[in-house]
Amino acid sequence: MAPVVRFLLIALQLVGPCGAAGAALPLVINTWAFRKATETAWRTLQLGGSELDAVEKGCGQCEVDQCDGSVGYGGSPDESGETTLDAMIMDGNTMEVGAVADLRHVKNAIGVARKVIEHTKHTLLVGESATLFAVRMGFPYEDLTTQRSLSIYSRWLNQSCQPNYWKNVVPDSSKSCGPYKRLEKVSFDEGTISQRNIHSHDTIGMVVIGKSGTVASGTSTNGGVHKIPGRVGDSPIAGAGSYADSTAGGAAATGDGDTMMRFLPSYQAVEYMRMGTDPTVACQKVISRIQKHVPEFFGAVICANTTGSYGMYLAHQTNFVHPDLVTDMQNLWWTLKQQSLITP
């Protein structure tokens with residue numbers, strides 16, 4: 001086993017018996033060390049809320065806390081300097097999904113996604129129309145820009161708009177800002193791998209399993225920093241960002257959303273668990289499938305089945321364990337159960 005993955009499994013043993021059979025329910029699990037979000041979801045369950053309530057409140061806590069600057073308002077400005085939000089929530093009993101993408105001027109993206117389930121026959125609303133829907137549902141119209149996001153944007157402009165997501169354009173996007181125009185001759189050379197920092201955690205993904213095995217999942221993010229306006233990643237896409245099915249389990253993904261949404265890793269992981277695959281192995285299998293096509297992919301998937309067994313797998317670009325990556329892996333997720341430090 002590669003050193004990175006071996007260390008990761010050790011880190012998971014610090015918080016619970018990874019993959020243990022017959023683990024007690026309920027269960028709350030999420031990507032990254034967003035403990036306050038996990039605690040909020042757990043508390044919601046203990047106060048009698050549903051699994052869907054717990055996902056909404058847990059992810060909503062991260063939106064308020066602006067977790068890592070990659071969730072909620074005031075983070076990840078696009079290349080025009082604006083922060084926009086993506087979110088989804090899924091009910092594993094009814095298979096209903098509510099999602100919003102490219103949401104502007106509304107802070108509680110996961111809350112708006114919940115309203116898509118409750119008040120429409122649709123699944124996904126986008127852009128300014130999603131904002132109009134949110135306002136009609138009673139959400140306040142607010143500025144998502146902060147001094148921090150303005151500072152990030154200003155630094156990027158001063159660095160000749162590096163890095164960015166353009167290719168095959170003029171002027172040369174690796175050396176200068178736009179506006180860009182297409183090259184007449186398109187190159188299919190992969191070119192330089194994105195300079196995306198390993199700390200660019202772009203999503204909270206959460207899976208909640210109730211005492212009876214009912215599953216719900218959700219995500220919330222402000223997307224890739226300096227993204228092209230209008231870009232939507234995996235987070236609000238059912239089966240990509242997360243997936244829930246109360247007959248099998250739930251999964252959520254984090255990392256390079258432009259890559260992950262092509263493979264539907266959360267859906268595939270749940271289907272593996274439906275066939276009896278251990279959650280850790282299910283996560284590993286979907287990551288391995290992505291890496292066959294995109295060897296430099298960096299991301300992770302968390303998985304939990306309806307018995308309360310859970311696991312995860314991290315894609316890594318190298319077997320060298322950088323100290324920053326070790327710290328990230330130690331803090332990758334939190335899991336809370338009946339035997340945890342949080343008591344009912």
Side-chain angles (χ1 to χ4, degrees), residues 12 15-16 25-46 49-68 70-72 85-93 96-100 108-114 117 201-210 214-222 233-246 249-255 257 260 265-267 269-270 279 283 299-306 308 310-312 331-337 340 342:
L12 289 181
V15 293
L25 294 171
L27 171 73
V28 174
I29 186 172
N30 58 263
T31 55
W32 307 112
F34 303 147
R35 178 163 187 145
K36 193 172 179 182
T38 323
E39 292 172 343
T40 298
W42 178 262
R43 192 176 305 112
T44 300
L45 287 178
Q46 296 306 311
S50 69
E51 293 78 13
L52 212 61
D53 293 334
V55 170
E56 180 185 358
K57 296 298 184 183
C59 291
Q61 184 67 57
C62 242
E63 293 172 347
V64 171
D65 294 341
Q66 301 167 283
C67 289
D68 245 12
S70 60
V71 180
L85 308 180
D86 302 334
M88 69 148 289
I89 190 167
M90 183 167 185
D91 185 330
N93 280 348
E96 289 179 295
V97 174
V100 290
N108 185 201
I110 189 77
V112 180
R114 177 81 179 268
I117 289 180
H201 314 155
D202 59 357
T203 310
I204 178 172
M206 180 176 284
V207 176
V208 174
I209 304 181
T214 295
V215 184
S217 71
T219 66
S220 184
T221 182
N222 51 35
D234 68 307
S235 297
I237 308 301
S242 77
Y243 196 74
D245 186 333
S246 296
T254 184
M260 287 190 294
S266 296
Y267 168 79
V270 171
C283 289
V301 177
I302 60 172
C303 303
N305 65 24
T306 52
Y310 59 91
M312 68 83 58
N331 294 327
L332 187 56
W333 68 351
W334 286 93
T335 178
L336 297 169
K337 308 172 68 170
S340 72
I342 295 181

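As a basis for the values below, the full set of heavy atoms in this structure was taken, side chains included, without hydrogen atoms, waters or symmetry mates.
- Checked by atom type and distance alone, the side chain of Ser246 pairs as donor or acceptor with a backbone atom of Gly92 at under 3.5 Å.
- A pairwise comparison of heavy atoms in Thr31 and Thr203 identifies OG1-O, 3.3 Å as the closest pair.
- With sequence neighbours left out, the side-chain hydrogen bond (donor to acceptor under 3.5 Å, both in side chains) criterion links Thr306 to no other residue.
- Smallest separation of non-hydrogen atoms from Ala240 and Ala253: O-CB, 3.7 Å.
- Residues Val97 and Ile117 share a closest heavy-atom pair of C-CG1, 3.4 Å.
- One distance of note links CH2 of Trp32 with CG of Asp68; it measures 8.0 Å at 0.5 Å rounding.
- Across all non-hydrogen atoms, the minimal contact from Gly210 to Leu25 is O-CD1, 3.4 Å.
- Smallest separation of non-hydrogen atoms from Val207 and Ala252: CG2-N, 4.2 Å.
- Counting heavy atoms from C-beta on, the side chains of Cys67 and Ile204 never come closer than 4.5 Å.
- In this structure, Ser235 contributes its side chain and Gly241 its backbone to no donor-acceptor pair below 3.5 Å.
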Would Thr38 and Asn30 count as a side chain to side chain donor-acceptor pair (under 3.5 Å) here? Give the steps.
CA-CA 7 Å; Thr38 323; Asn30 58 263; 2.4 Å; yes
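- In terms of heavy atoms, Val301 sits closest to Pro265 at CG2-CB, 4.2 Å.
- Between the CD1 atom of Ile110 and the SG atom of Cys62 there is a distance of 11.0 Å, given to the nearest 0.5 Å.
- The line from CZ of Phe34 to OG of Ser220 is 10.0 Å long, rounded to the nearest 0.5 Å.
- By the 4.5 Å heavy-atom criterion applied to side chains, Ser70 and Asn222 are counted as neighbours.
- For Glu56, the salt bridge (charged side-chain N to carboxylate O under 4.0 Å, His left out) partners two or more places apart in sequence, or in a different chain, are Arg114.
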Pair Glu51-Thr214, side chain to side chain donor-acceptor pair (under 3.5 Å): steps then yes or no:
CA-CA 7 Å; Glu51 293 78 13; Thr214 295; 4.6 Å; no
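- The structure places NZ of Lys36 at 9.0 Å from CZ of Arg43, a figure rounded to the nearest 0.5 Å.
- To the nearest 0.5 Å, the span separating SG on Cys59 from CE on Met88 amounts to 9.5 Å.
- Atom CD in Glu63 sits 5.0 Å away from atom CG in Asn108 (nearest 0.5 Å).
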